[in-house]
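For reference, the structure discussed in these notes is given below.
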Amino acid sequence: MCIEFISVIIPVYNAQSTIIESINSVVNECESIPFNWELILIDDGSTDSSVEYIQEYIQQSEYASSIRLITQANQGVAAARNRGMEIAKGTFIAFNDSDDRWLPGKMKEQMTFLMSHLEVDMVCGCHGIDKFPNYLKKMTDVTRITIQDMVFKNYCSPPTVVFRSKVLEKTGLFDEIMRNGGEETSLFFPMTYYCHCVLLNRKVAESISGKLHWGQSGLSGNLINMEKGRLRNLKMAYKKGYISFFLYCCAFFFSIVKFLRRECIQQCRKLKNRVRI
């Protein structure tokens, strides 16, 4: 295994309209830095032409030897990411989603930081916004993120993270039971508990289609399932001793309030759309 080797994992499900741009953004970033890399695409039972598009891309790409396509029956995004991590060869692991693009400079900045801060296990950035605001935590350009922060706000969107693969020995993988949203924190809760995690506070990834971060479509569009997943992860964090009972209660109440606010906003959006029609 090369000491400077990056494995990038993209779960794919019915993403024929966006997957090529997603792949291109990853390849461009990986080729811009002096590290070996591999791209692992896990097709999770797509019923559109995603697999054919990827196969054609690989056949025509000069980087074909660095790109792998794995297909499996539909098991959910958590299982797809886990499959990728299980076969990844890299000492560093990164994710992208099939409907997201990495922005220029993402990997150069994040890998430079990781290589110059050996005590840091994971870095993340902003998805779809320029910076995280200060309303829950005082933010600087470089901010340590802990489990106490994560139970109130998820700062670790998968397309923005890069981490040392060795940390998975402590954290385990994503919870595959959670197929309908909220699976992200099943890994990032223990990661921010056991490991040294840092937010580099700038936008490094965004939606290709301009989809809103929540409440519009895909898994993020089902607010109820997302909330069930988050509450499940909060409960597991308390049971495993990551957080105190007091912090669990505070985070639980805060999450419910945030869910109700989002539900109201979503209903208002739907009402506005009906009025326009």
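As the structure is a computational prediction, the values presented were derived from the model and not from experiment.
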Mark yes or no for whether [X], through its side chain, and [Y], through its backbone, hold a donor-acceptor pair below 3.5 Å.
X	Y	value
Thr91	Phe5	yes
Asn96	Asp100	yes
Asn201	Phe132	yes
Ser116	Thr112	yes
Asp44	Gln75	yes
Arg230	Val151	yes
Trp37	Ser66	no
Ser22	Thr18	no
Glu183	Asp175	no
Thr192	Phe188	yes

Short N-O contact, Asp121 and Lys166, less than 4.0 angstrom: no
Electrostatic pair Lys203:Glu206 at N-O distance under 4.0 angstrom: yes
According to a hydrophobic-cluster definition based on side-chain heavy atoms being under 4.5 Å apart (Ile, Leu, Val, Met, Phe, Trp, Tyr only), do [X] and [Y] belong together?
X	Y	value
Phe245	Tyr242	yes
Met236	Phe254	no
Leu103	Ile33	no
Val8	Ile67	yes
Val204	Val26	no

Judged by modelled atom types alone, do [X] and [Y] share a side-chain donor-acceptor pair under 3.5 Å?
X	Y	value
Asn233	Thr185	yes
Asp48	Tyr53	no
Thr47	Asn14	yes
Ser46	Asp43	yes
Ser157	Thr160	no

Pair listing, salt bridge (Lys or Arg N to Asp or Glu O under 4.0 Å) test, anchored in residues 7-31, at least two apart: Glu21-Arg101
[X] [atom1] to [Y] [atom2] distance, which is reported to the nearest 0.5 Å:
X	Y	atom1	atom2	value
Phe189	Thr171	CZ	OG1	14.0 Å
Ser61	Gln59	OG	CD	11.0 Å
Cys126	Arg202	SG	CZ	9.0 Å
Phe174	Leu168	CZ	CG	9.0 Å
Asp99	Ile10	CG	CD1	10.5 Å

Residues forming a ring-ring contact (aromatic ring centres under 6.0 Å, His included) with Phe259, sequence neighbours excluded: none
Stepwise side-chain contact (heavy atoms from CB on, under 4.5 Å) check, Asp149 with Lys153: CA-CA 6 Å; Asp149 304 314; Lys153 181 173 181 60; over 6 Å; no
Arg68: salt bridge (charged side-chain N to carboxylate O under 4.0 Å, His left out) partners, not counting sequence neighbours: Glu38
Derivation and outcome, ring-ring contact (aromatic ring centres under 6.0 Å, His included), residues Phe35 and Phe92: CA-CA 10 Å; Phe35 300 95; Phe92 296 91; 7.0 Å; no
Pairing residues for Arg164 by the side-chain hydrogen bond (donor to acceptor under 3.5 Å, both in side chains) criterion, not counting sequence neighbours: none
Contacts of Asp130 that satisfy side-chain hydrogen bond (donor to acceptor under 3.5 Å, both in side chains) - sequence neighbours left out: none
Within 6.0 angstrom of [X] [atom1], more than 12 heavy atoms from elsewhere:
X	atom1	result
Glu169	CD	no
Lys108	NZ	no
Gln72	CD	yes

Ring-ring centroid check Phe252 Tyr238, cutoff 6.0 Å: no
Pair listing, side chain to side chain donor-acceptor pair (under 3.5 Å) test, anchored in residues 244-259, at least two apart: Glu227-Ser255
Evaluation steps, side-chain contact (heavy atoms from CB on, under 4.5 Å), between Met150 and Tyr193: CA-CA 9 Å; Met150 284 288 290; Tyr193 174 75; over 6 Å; no
